[in-house]
Protein chains: 2
Amino acid sequence: MAEDLRTLVEQVKAVSHPLRLRVLALLDAGELCVCQIAETLQVPQSSVSEALKELRRAGFLTERKEGRWVFVSVVKKNSIPLLKGLLAEAGALDEVLQDRLRAKEVQATAIPVVCSRVQKAAQPAPVAADA
Amino acid sequence: MAEDLRTLVEQVKAVSHPLRLRVLALLDAGELCVCQIAETLQVPQSSVSEALKELRRAGFLTERKEGRWVFVSVVKKNSIPLLKGLLAEAGALDEVLQDRLRAKEVQATAIPVVCSRVQKAAQPAPVAADA
DNA sequence: CGGTAATATCGGAAAATATCGAAATATATA
DNA sequence: TATATATTTCGATATTTTCCGATATTACCG
């Protein structure tokens with residue numbers, strides 16, 4: 001529960017953005033690490049990182065570090081009525097359900113493989129051979 | 001219930017703003033006309049009008065016209081989980097409760113008086129007498 | 001240590017939004 | 001019709017946000 005209007009507005013702002021809401025709704029189905037999110041949603045890793053920063057600031061996430069991986073998940077949402085209502089709606093959306101299916105697939109692959117795939121995707125462009 | 005992510009984000013955006021959220025929370029306590037809102041919150045009437053426009057677009061308001069006055073109120077909120085959660089939080093905030101008290105006071109005055117007061121407040125500045 | 005892998009932060013140009021006075025639109029009433 | 005009144009829309013500026021490649025940071029490994 002927010003304690004003032006300013007805080008509540010900040011929380012709302014945190015989810016008033018397609019990627020951030022998508023990430024939140026995705027995580028509501030279970031924890032993922034940053035590169036898994038980037039791969040699932042097919043967006044640059046830095047964008048995911050920034051999205052997570054905002055969601056964290058709003059108090060919507062908890063984290064668990066495992067080596068260099070950061071696993072993120074949604075806080076117990078009953079403590080935040082706003083989250084409960086929001087995720088109830090989001091969880092019913094096709095796009096969100098599809099993201100979750102995609103996440104399942106991503107999870108079937110070993111994390112280091114997923115991560116390196118995300119790194120590769122960030123490369124400028126593989127300038128067709130120099131031979 | 002929003003039917004896609006884009007729509008849901010638009011709804012969230014509509015309330016990711018101090019004035020808009022304040023107005024929504026205020027109206028949750030009962031209908032008011034535009035000038036009553038402006039007077040209660042002590043903000044320019046055009047700002048209230050713009051705030052209402054966004055809230056309307058999001059589907060959060062219903063209107064009732066009475067002469068030149070427009071009375072606005074919040075839609076039945078159980079149909080929108082997001083609203084339910086949000087207003088549950090907002091309704092507990094001091095600032096919102098105080099706004100509602102102020103609205104009660106404003107409602108004790110006849111509407112035309114309130115409206116003209118709001119109009120006056122918009123004047124540039126009453127350049128101290130010409131006698 | 002040096003190297004590599006995962007994540008975070010920065011830079012900064014483009015796009016979006018906020019703000020509020022002024023002008024335009026209704027809607028009354030005389 | 002003319003005038004006043006309540007609300008909406010416009011205009012123009014200021015501020016904030018978005019986006020993502022490049023770079024920094026952190027953590028592990030040999």
Side-chain angles (χ1 to χ4, degrees), chain A residues 6 9-10 12-23 31-39 41-58 61 63-72 106 109-125, chain B residues 6 9-10 12-23 32-39 41-58 61 63-72 106 110-125:
Chain A
R6 228 182 138 302
V9 168
E10 290 310 313
V12 175
K13 265 192 189 159
V15 289
S16 69
H17 179 285
L19 179 59
R20 294 197 297 261
L21 182 50
R22 242 180 125 197
V23 168
E31 75 170 14
L32 293 170
C33 78
V34 179
C35 76
Q36 288 177 313
I37 300 170
E39 176 67 7
L41 304 183
Q42 293 289 294
V43 298
Q45 176 270 326
S46 70
S47 297
V48 171
S49 191
E50 310 241 29
L52 292 173
K53 177 162 67 177
E54 295 301 313
L55 293 174
R56 236 181 273 129
R57 284 197 341 129
L61 302 183
E63 307 206 352
R64 180 174 69 80
K65 278 192 164 187
E66 187 170 313
R68 24 195 166 171
W69 302 325
V70 176
F71 286 87
V72 199
V106 169
T109 304
I111 293 180
V113 176
V114 173
C115 281
S116 77
R117 202 177 284 164
V118 168
Q119 305 272 69
K120 293 286 160 46
Q123 301 302 310
Chain B
R6 228 182 136 300
V9 168
E10 290 311 313
V12 176
K13 266 190 188 162
V15 288
S16 68
H17 180 286
L19 180 59
R20 295 197 297 260
L21 182 51
R22 241 179 125 197
V23 168
L32 293 170
C33 78
V34 179
C35 77
Q36 289 178 314
I37 299 171
E39 176 67 7
L41 304 184
Q42 293 289 292
V43 299
Q45 180 269 334
S46 72
S47 297
V48 172
S49 189
E50 309 243 31
L52 292 174
K53 176 162 67 176
E54 295 302 313
L55 293 173
R56 236 181 274 131
R57 284 195 344 126
L61 302 183
E63 307 206 350
R64 179 175 70 81
K65 278 194 164 183
E66 187 171 313
R68 20 191 171 175
W69 303 325
V70 176
F71 287 88
V72 199
V106 169
I111 293 181
V113 177
V114 173
C115 281
S116 77
R117 201 177 284 162
V118 168
Q119 303 273 72
K120 295 282 162 44
Q123 300 302 312

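Letters go in sequence order (proteins before strands), and every chain restarts at 1. Keep in mind that the numbers below use all heavy atoms, side chains included, and drop hydrogens, waters and symmetry copies.
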Starting at the 5' end of DNA chain C, which residue's closest nucleotide do you reach first, B:Pro44 or A:Val48? A:Val48

Confirm from the modelled atom types if A:Glu50 and D:dC20 form a donor-acceptor pair under 3.5 Å, side chain to base only. yes

Hey, what do you get for B:Cys33 versus B:Cys115: SG atoms under 2.5 Å apart or not? no

Between the protein and nucleotides 23-30 of chain D, which nitrogen or oxygen pairs are less than 3.5 angstrom apart?
none

Check the surroundings of atom CZ in A:Arg117: do more than 12 heavy atoms from other residues, nucleotides or ligands lie under 6.0 Å from it? yes

Can we say A:Glu66 and A:Arg64 salt-bridge, meaning some charged N sits less than 4.0 Å from an Asp/Glu carboxylate O? yes

Just verifying a value: how many Å separate B:Lys53 NZ and B:Arg20 CZ, rounded to the nearest 0.5 Å? 11.0 Å

Which is it for B:Leu41 and B:Val48 under the side chain to side chain contact (heavy atoms under 4.5 Å, CB included) test, yes or no, and what are the steps along the way? CA-CA 9 Å; B:Leu41 304 184; B:Val48 172; 5.6 Å; no

Take the protein atom NE2 of B:His17 and the nucleotide atom P of C:dT17, then report the distance between them rounded to whole Å. 11 Å

Check every atom of C:dA6, C:dG21, D:dT5 against the side chain of A:Gln119 and return the nucleotide holding the closest atom. C:dA6

When the distance from CG of B:Leu61 to C1' of D:dT7 is rounded to whole Å, what number comes out? 15 Å

Give the rounded distance in Å between these two atoms: CZ of B:Arg6 and P of C:dA16. 11 Å

Rounding to an integer number of Å, can you tell me how far A:Lys53 NZ sits from D:dC19 C1'? 13 Å

Gap between atoms CG and P, on B:Leu55 and C:dA18 respectively (whole Å): 11 Å

Please determine if a side-chain N or O atom of B:Ser47 lies less than 4.0 Å away from the OP1 or OP2 oxygen of C:dC20. yes

So if I take every side-chain heavy atom of B:Cys33 and compare against C:dT7, D:dT7, C:dC20, which nucleotide ends up nearest? D:dT7

In this structure, how many angstroms lie between the C1' atom of C:dT27 and the CD1 atom of B:Ile111, rounded? 15 Å

Rounded distance (Å) that lies between atom P of C:dA5 and atom CH2 of A:Trp69: 13 Å

Expected output: side-chain A:Ser49 to main-chain A:Ser46 donor-acceptor under 3.5 Å: no

Mind listing the closest non-hydrogen atom pair of B:Gln36 and B:Ile111 along with its distance? NE2-CG1, 3.7 Å

A:Leu19 vs B:Ser49, nearer the 5' end of DNA chain D by closest nucleotide: B:Ser49

Would you tell me if any nitrogen or oxygen in the side chain of B:Lys13 comes within less than 4.0 Å of OP1 or OP2 on C:dT17? yes

Nucleotide D:dT9, atom P - distance to CZ of B:Arg56 in whole Å: 7 Å

Shortest side-chain distance from B:Cys115, nucleotide among D:dA6, C:dA8, D:dT18: D:dA6

Need to verify one output field. Residue with the more 5' nearest nucleotide on DNA chain D, B:Val70 or A:Ser16? B:Val70

